[in-house]
*Asks:* 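Next up is a structure, given as structure tokens.
Bear in mind the structure is a predicted one, so any value in this text is a computation, not a measurement.
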Amino acid sequence: MTRDADSKASTRARLRLARASVDVPTRERAGSALRRTIGTWWEHASESRGRMDRGEAAVASFRSMPTEPPVDAVNAALYERGATVLLPVCEPDFRLRWARWTPTTPLVRSAVVPIDHPPGPTVDLAAVADGPGHQLDVGLLLIPALAVDESGQRLGQGGGYYDRFLARWRAHSRHGVLAAVVYDDEVLPAGSFDVLPHDQPVDLVFTPDRVLDLRDR
């Protein structure tokens with residue numbers, strides 16, 4: 001194991017242990033706060049950019065694992081506000097595609113990783129992000145993280161799905177805002193963990209208590 005990998009592994013272990021200690025009432029309060037914070041941000045962004053004139057306003061989100069900041073209520077709130085909500089579908093060779101979700105969508109178990117996802121059909125958002133005339137205008141991409149530092153660097157779980165997808169997503173001239181969702185104490189000082197060449201920084205950080213805009217970093 002390299003020094004960078006060892007540093008990341010130890011940081012991940014510490015953060016996972018801290019998350020495991022968060023009790024259910026605290027997680028529920030965090031979910032309610034995130035619902036308000038992200039829902040309000042989406043409404044303001046939609047109004048200021050006139051997204052509905054350019055196509056179907058969409059949010060690419062995710063389903064929270066048991067110890068992650070809850071975003072299931074966030075997804076429902078965004079759907080109620082008129083957004084098309086997309087959830088990730090993990091495919092072989094670390095490919096990440098997306099499928100539409102509604103509160104009544106039945107979920108199926110992934111054959112690749114131990115998570116559930118909508119049954120499809122799926123779309124490659126990185127492939128269509130710059131395509132002319134496409135119907136989905138993904139204005140916000142919410143992604144999980146164990147931590148984000150104040151320069152925008154994200155520490156993920158280490159699976160590799162998001163880093164591979166985000167490299168392609170970033171390559172397009174037109175893409176939505178990229179935001180990580182973490183607990184308040186998981187916003188760390190810049191340089192708190194090692195950054196590798198393939199790591200992709202985020203534009204925003206949503207926590208239960210605040211929105212940290214890093215686009216001018």
*Asks:* Give, for atom CG of L86 and atom NE2 of H117, the distance between the pair rounded to the nearest 0.5 Å.
*Replies:* 14.0 Å
*Asks:* Check C90 against L96 and note the closest heavy-atom contact, atom names and distance.
*Replies:*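 Between these two residues, the closest heavy atoms are SG-CD1, 3.9 Å.
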*Asks:* Distance-only, no hydrogens or angles: does the R27 side chain make a donor-acceptor pair with backbone N or O of P66 under 3.5 Å?
*Replies:* yes
*Asks:* State, with a plain yes or no, whether a side-chain heavy atom of T207 is found less than 4.5 Å away from one of P69.
*Replies:*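 No, side chains not in contact.
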*Asks:* Give the intermediate values and the outcome of side chain to side chain contact (heavy atoms under 4.5 Å, CB included) for residues V138 and W169.
*Replies:* CA-CA 11 Å; V138 180; W169 167 268; 3.8 Å; yes
*Asks:* Identify the two heavy atoms, one from A57 and one from W42, that lie closest to each other, and give their separation to 0.1 Å.
*Replies:* CB-CZ2, 3.9 Å
*Asks:* Evaluate the criterion side chain to side chain contact (heavy atoms under 4.5 Å, CB included) for residue pair W101 and L107; output intermediate values, then yes/no.
*Replies:* CA-CA 9 Å; W101 171 89; L107 301 177; 4.1 Å; yes
*Asks:* If you take all heavy atoms of P208 and V182, which pair is closest and at what distance?
*Replies:*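 Closest pair (atom of P208, atom of V182, distance): CD-O, 3.5 Å.
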*Asks:* Does the side chain of V148 reach to within under 4.5 Å of the side chain of L212, using non-hydrogen atoms?
*Replies:* no
*Asks:* When you measure from the side chain of R95 to the backbone of V89, do you find a donor-acceptor pair of N or O atoms at a distance under 3.5 Å?
*Replies:* no
*Asks:* Check whether any side-chain heavy atom of V71 lies under 4.5 Å from a side-chain heavy atom of L142, and answer yes or no.
*Replies:* no
*Asks:* Given side chains that start at C-beta, do those of Y161 and V113 come closer than 4.5 Å, heavy atoms only?
*Replies:*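 Yes, side chains in contact.
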*Asks:* Run the numbers on L214 and E150 for side chain to side chain contact (heavy atoms under 4.5 Å, CB included), then give the verdict.
*Replies:* CA-CA 8 Å; L214 301 170; E150 291 175 342; 5.5 Å; no
*Asks:* For the side chain of T37 and the backbone of L34, is there at least one donor-acceptor N/O pair under 3.5 Å apart?
*Replies:*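 Side chain of T37 to backbone of L34, a donor-acceptor pair under 3.5 Å: no, none is there.
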*Asks:* Quick check against the 3.5 Å criterion: does D203 have a side-chain atom that pairs as donor or acceptor with the backbone of L178?
*Replies:* yes
*Asks:* For a side chain to side chain contact (heavy atoms under 4.5 Å, CB included) check, start with the C-alpha distance between N75 and L87, then their side-chain angles and the critical distance, and finish with the verdict.
*Replies:* CA-CA 9 Å; N75 296 337; L87 297 183; 3.9 Å; yes
*Asks:* Hey, what do you get for CZ (R35) to OG1 (T40), rounding to the nearest 0.5 Å?
*Replies:*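 Interatomic distance, R35 CZ to T40 OG1, rounded to 0.5 Å: 10.5 Å.
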*Asks:* Is there a side-chain contact between V177 and W41 (heavy atoms, below 4.5 Å)?
*Replies:* yes
*Asks:* How long is the span from the CG atom in L15 to the CG atom in L188, to the nearest 0.5 Å?
*Replies:* 6.5 Å
*Asks:* Minimum heavy-atom separation for S61 and P88, please, with both atom names.
*Replies:*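 Heavy-atom minimum between the residues: O-CD, 3.1 Å.
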*Asks:* Taking R81 for its side chain and E43 for its backbone only, find out whether a donor-acceptor pair lies under 3.5 Å.
*Replies:*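 No, because the side chain of R81 does not come within donor-acceptor range (under 3.5 Å) of the backbone of E43.
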*Asks:* So do L125 and F165 actually touch side chain to side chain, heavy atoms under 4.5 Å?
*Replies:* yes
*Asks:* Say whether, by atom type as modelled, one donor and one acceptor occur between the side chain of R109 and the main chain of P114 under 3.5 angstrom.
*Replies:* yes
*Asks:* So which heavy atom on P144 is nearest to which on E68, and how close?
*Replies:* CB-OE2, 3.6 Å
*Asks:* Considering only heavy atoms from C-beta outward, does the side chain of L166 approach that of I143 to under 4.5 Å?
*Replies:* yes
*Asks:* To the nearest 0.5 Å, tell me how far S192 OG sits from Q153 CD.
*Replies:* 11.5 Å
*Asks:* Give me the one residue out of R14, R19, R154 that meets salt bridge (Lys or Arg N to Asp or Glu O under 4.0 Å) with E186.
*Replies:*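 Of the listed options, the one satisfying the test is R19.
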*Asks:* Tell me, do P70 and D72 make a side-chain contact under 4.5 Å, heavy atoms counted?
*Replies:*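 In short, these two side chains do not touch, never coming nearer than 4.5 Å.
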*Asks:* Roughly how far, to the nearest 0.5 Å, is OG1 of T105 from CG of D116?
*Replies:*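 Answer for the CG-OG1 pair, D116 versus T105, is 12.5 Å.
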*Asks:* Within the side chain of R97, is there an N or O that forms a donor-acceptor pair under 3.5 Å with the backbone of T122?
*Replies:*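 The answer is yes, because a donor-acceptor pair under 3.5 Å joins these two groups.
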*Asks:* Indicate the atoms forming the closest heavy-atom contact of A180 with A145, along with that distance.
*Replies:*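 Of all heavy-atom pairs spanning A180 and A145, the closest is CB-CB, 4.1 Å.
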*Asks:* About how many Å separate CZ of F62 and CG of L141, when rounded to the nearest 0.5 Å?
*Replies:*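 These two atoms lie 10.0 Å from each other.
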